[in-house]
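Structure record follows, encoded as structure tokens.
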Amino acid sequence: MSKTVLRGKAWVAAGYVMAYEIIKQEFWTSRIDAAENARWVMAGVAPEFDADGAFASHGYRFIVGGHNFAGGGKSIEHVITGIMGAGIQAVIADSFARLQFRNAINYGLPFITCRDLRAHVQTGDELEVHLDTGLIRNLTRGAEAQAAPVPSFVQEVADAGGMIPFIRRHIANGTVDTLR
Amino acid sequence: MAGMTLTEKIMARASRRDHVAPGQLLWADIHTVMTMDYLGKSTFEAFAALGVPEVFRRDRVICVSDHLVPPPTAHFATMLNEWRVLVKQHRIEHFYDLGRQGIAHQVMVENGHVLPGTISIGTDSHANTYGAVGAMGNAVGVTDAAVAMAIGKCWFRVPETVRFHIRGAWPSWVMAKDLSLHVMGMMHWNGHLIYKTIEYTGPAIDNLGMAGRMTLCNMTVDLGAKNGIIAPDAVTADYLATRTTDAWSALVGDTDAAYDQEYEVDVSTIAPTVARPDKLDDIASVDAVAGTPFNKAFIGTCTNGRLEDLAIVASILQGQQVHRDVNLLVVPASSRVYLDAVRAGYIATIVEAGGAVDTPSCAACAGVHTGVAGDGDVVLSAGNRNMKGRMGSRNAQIWLSSPAVVAYSALKGVISDPRELPASQWIDQGPPAHV
């Protein structure tokens, strides 16, 4: 990844966050576009975010979630583009729902698995996340946690700018057969 | 080296490897890619960004109208028109548009677009349904679908396999849906099934027809799993015999395969089961909640809108009248199911009983059209999800159950136990007699 150490302010989810709440049903058929999807991202998660641009206005750079983040069985990519459009650089959670885990990898947004990080972080804390080693430091509280490092395949896709440019390059280079 | 489970075998073959292990990331060959109206246009737009003029195989990209037909708004009607132009432009051979439509997963399986031992993907979460014929069925987003449309491949993380061994005889009025809800309650959304393969095995699965197998695999996504699968057998071969001319070869899991977890369920101890509103794992035996009033009954969806489901519904409604305080809506899972149900007389029975029938679609299950729930509605649904807002208003309650429970309760006006009915009205859920 071009940038392996990320820093910024965290928003900590209070409970289980579903994809349905990150992007409310009325926006499921809107265009997949980071700026557009970011306007109403997280609108169903908390009343304070249920306004145009509300979540993005806080300037959070990380989401710290619990179990099965973005679950509920929706594959809509607006969840990921919306989160990225709001300025989020990585999501760290106990576990992730697989549909959004895939989407995150395809868009180059690190989804980092780290158990119980919520116990050590409060909303507004400044975090430092090392993608290559999985080290997470809470700069506000001086605590540290160890997450799983991001696999090299995920980094290659992120470096290419996402799955579409990654595959476009393989097609252009005639190297699709090397993907196995 | 430990043996491989069925899903691992499929992934090894599709990635041209001798062996794969859980956790491994790999690229695998895709047999078919399904995309439907809701995300079809977006998928073709992502495809266009890849720089290839043609899809990898025009007979292996399947396009289906299901979520938004007949279109409920001018906005969606326009979106579908734009999508149809793209489908035509790419000369897609299998386009199930309004008139020939069905819920995509039903259409995929009933038309032989899914084969045992292969991987098929779709841009809708219930693509897990394909596991019923021994395929790996997987839901993906539009990016993955677009990539597969271009290169015939998709990347996967090899999942750990969890086995549910189901034994015992199926009691009357207990359907595959009841087993799915029972497993839901048993696992309590504790995370043990997230990203796993669920493999159903055992004599009670051997004795289950394809409709029930599709229900079981369908709801594995709601358990949090990556896919659900049932090894192909004589039931599978019989089902596919009239649906595909493509050759297929069955794969079986190794006897020394390593399972991540193993559970056993005696199906003879299961009662008709319901999920209370808002949470899938908040389950109860139907007799424990009998008498609960509701005002909307819904039977359909990729979980329970098949011919066998409508047969049970018709058997219960035959000569009876739906309670005056209940609206019953029945939506067959596909045009093929609909026509078969018309010919079998099930549709006439439902309409005579005071039930409404609509053209095949996801209907109210997707919360977009055809019977959406409003404030204060209490819905008893044979669908798959009951979270707030799923069928429309967040101020509606959704109970889930088998079609048998919905149909019998619709007659009574309150949630009722179909085991009160004479055994002669029950229809065995096993495979056809000749298998």
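Numbers restart at 1 for each chain; the letters A, B, ... are given by sequence-line order, proteins then strands.
B/Trp27 contributes atom CH2, which lies 12.5 Å from atom CG of A/Asp177 (distance to the nearest 0.5 angstrom). Distance CZ/B/Arg385 to OH/A/Tyr20: 4.5 Å, rounded to 0.5 Å. A distance of 8.5 Å separates CZ of B/Arg16 from CZ of A/Arg180, quoted to the nearest 0.5 Å. Annotation: the span from A/Lys24 atom NZ to B/Arg394 atom CZ amounts to 8.0 Å, rounded to 0.5 Å.
Contact of B/Phe47 with chain A is not made at all, since no heavy-atom distance falls under 4.5 Å. Contact of B/Ala14 with chain A is not made at all, since no heavy-atom distance falls under 4.5 Å. With a threshold of 4.5 angstrom between heavy atoms, A/Asn68 approaches chain B through its backbone and through its side chain. Heavy atoms of A/Ile164 lying under 4.5 Å from chain B belong to its backbone as well as its side chain. Using a 4.5 Å cut-off between heavy atoms, A/Ile80 makes no contact with chain B at all. In this structure, the portion of B/Leu39 lying under 4.5 Å from any heavy atom of chain A is its side chain and not its backbone. Both the backbone and the side chain of B/Val142 come within contact range of chain A, each with at least one heavy atom under 4.5 Å from a heavy atom of that chain. Neither the backbone nor the side chain of A/Pro165 comes within contact range of chain B; no heavy atom of the residue lies under 4.5 Å from a heavy atom of that chain. Heavy atoms of B/Lys153 lying under 4.5 Å from chain A belong exclusively to its side chain. For B/Thr143, the parts lying near chain A are the backbone and the side chain together; criterion is any non-hydrogen pair under 4.5 Å. In this structure, chain A has a heavy atom under 4.5 Å from the side chain of B/Val147, while its backbone stays farther away. Both the backbone and the side chain of B/Arg390 come within contact range of chain A, each with at least one heavy atom under 4.5 Å from a heavy atom of that chain. Both the backbone and the side chain of A/Leu179 come within less than 4.5 Å of a heavy atom in chain B. In this structure, no portion of B/Ala28 lies under 4.5 Å from any heavy atom of chain A. Interface remark: B/His126 contributes no atoms to any contact with chain A (heavy atom separation under 4.5 Å).
Residue with the most contacts toward chain A among B/Val221, B/Val368, B/Leu26, B/Asp144: B/Asp144 (heavy-atom pairs, distance under 4.5 Å). Ranked by non-hydrogen atom pairs under 4.5 Å with chain B, the options A/Ile32, A/Ile171, A/Asn103 are led by A/Ile171. When each of B/Val140, B/Asp124, B/Thr123, B/Leu25 is checked for heavy-atom pairs under 4.5 Å with chain A, B/Val140 comes out on top.
Summarising the geometry of B/Ala139 relative to A/Leu99, their closest heavy-atom pair is O-CD2, 3.2 Å, with the distance given to 0.1 Å.
Between B/Tyr195 and A/Phe96, the distance separating the two ring centers is not shorter than 6.0 angstrom.
In B/Asp375, the CG atom is crowded: over 12 heavy atoms of neighbouring residues, nucleotides or ligands sit closer than 6.0 Å. Within 6.0 Å of the CZ atom in A/Arg115, the count of heavy atoms belonging to other residues, nucleotides or ligands does not exceed 12. Annotation: B/Lys388, atom NZ; neighbour count of heavy atoms from other residues, nucleotides and ligands within 6.0 Å does not exceed 12.
Side-chain contact between A/Arg98 and B/Arg157 is absent, with no heavy atoms from C-beta onward closer than 4.5 Å. Between A/Asn106 and B/Trp155, some side-chain heavy-atom pair lies under the 4.5 Å cut-off. B/Val52 places none of its side-chain heavy atoms less than 4.5 Å from the side chain of A/Arg168.
A/Gln25 places a side-chain N or O within donor-acceptor distance of the main-chain N or O of B/Ala366, the cut-off being under 3.5 Å.
Of the N and O atoms on the side chains of B/Asn138 and A/Arg102, not one donor lies less than 3.5 Å from an acceptor on the other residue.
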